[in-house]
Colleague: 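Provided herewith is a single structure, encoded as C-alpha cells, for subsequent inquiry.
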Amino acid sequence: MKTDESHKIEDLLRQHEFFKAFSPEEQQTLLQQGQLRSFAPGEVIFQLGDEGTYCFLILEGCVRVHLSTPDGKNLLVKRLQAGEIVGEMALLDGKPRSANITAETAGRFFRLERSVFLPMLEANPVVGLAVMKALTSRLRATTFLLESIALQSLPERLAQYLLQLKDNHGELSGSGVKVSLEIRQSDIADHLASSRESVNKIFNLWQQRGYIALLPHNACIIKDEDALLRIAHPAA
C-alpha cells in the first residue's frame, strides 16, 4: 500500500464516527487487515440482495445509493463522497445488501471485513455505543426521506431540497441567493422519487413566476425565498 494512501486511511479511521473510538492499536489492526479497491464510473459496487460481509471507506470519488420503488421509479437515497463509509450495516448483521450502490465517478476504496471488525467491536463497548448512535442517525435520515415521499407533494419536496442547498451552499447574488444543484435534474428526480420531466416542469413554472432563475451548469438563483418557504411548508 502506498504511503500517502496509508496516511489517508489512518486519518479516516481516526476521524470517522464508526472507528474513532477504537484505540490506535486497534485502528492499526484495521489498517493492516484491509484491502484497496478501485471502481470505474458506472460500475456496480453492491446490488440489493448481495451477500454482506464487508464495507468500504471511500478514499476518492462518489457513489450513489439507490433503490427501485414499487411503481418502477428509481429512488436516489443518497450520494456518498470521499471520507464516508458505504455498506456499513454488513459490519453488524452480515445480512444481504439493502440497496444498490453504484460508482458515480472513478474511485478508490478501502475494504474492511466483518470478520475483523466484529470481534473488536464485541470487545469494546464504547465503540459499540458510538456505532449504534451513528446507525440510528442514518436510520432517522432514511425514515425522514421515505416519509416525505409518502406524505408530501413533489413541489413541497423540491422546494425543501432547494432551501436545504441554499442553507448549505448558498452564495449571495445580486438578485438573490445562488445555489449549485450539484447534480442533474434527472438525479434530483431520482432523489425525490419522481421524473425529470416533472421536476423540469416545476422549475420552469417557478422561473416564470419569478421564484427562481435557472442558470447553466446545474445552478439557479433563488429570487423569492418566501415563496419557496410557503410551498415547502404549506401548513406553517
Colleague: Given the ring of Phe109, does Arg37 sit roughly above its face, with NZ or CZ under 6.0 Å from the centre of the six-membered ring and within 45° of the axis?
Modeller: no

Colleague: Is there a side-chain contact between Arg79 and Glu104, using heavy atoms and a 4.5 Å cut-off?
Modeller: yes

Colleague: Between Glu10 and Lys8, is there a side-chain N and carboxylate O pair less than 4.0 Å apart?
Modeller: no

Colleague: Any salt bridge linking Lys178 with Glu171? Criterion: basic side-chain nitrogen under 4.0 Å from a carboxylate oxygen.
Modeller: no

Colleague: What do you reckon, is CD of Gln164 surrounded by more than 12 foreign heavy atoms closer than 6.0 Å?
Modeller: no

Colleague: Would you please indicate yes or no on a ring centroid separation below 6.0 angstrom for Phe110 and Tyr54?
Modeller: no

Colleague: Can you confirm whether Glu51 is buried at CD, in the sense that more than 12 heavy atoms of other residues, nucleotides or ligands lie under 6.0 Å from that atom?
Modeller: no

Colleague: Under 4.5 Å between any side-chain heavy atoms of Gln207 and Leu214, yes or no?
Modeller: yes

Colleague: Quick check: do Val44 and Asn100 have side-chain heavy atoms less than 4.5 Å from each other?
Modeller: no

Colleague: Considering only NZ, NE, NH1 and NH2 on the basic side and carboxylate oxygens on the acidic side, decide whether Arg64 and Asp187 come within less than 4.0 Å.
Modeller: yes

Colleague: Are the side chain of Gln27 and the backbone of Phe19 linked by a donor-acceptor contact shorter than 3.5 Å?
Modeller: yes

Colleague: Do Phe117 and Phe22 make the cut of ring centroids closer than 6.0 angstrom?
Modeller: yes

Colleague: Looking at Met120, I want to see if its CE is surrounded by more than 12 non-hydrogen atoms of other residues, nucleotides or ligands under 6.0 Å.
Modeller: yes

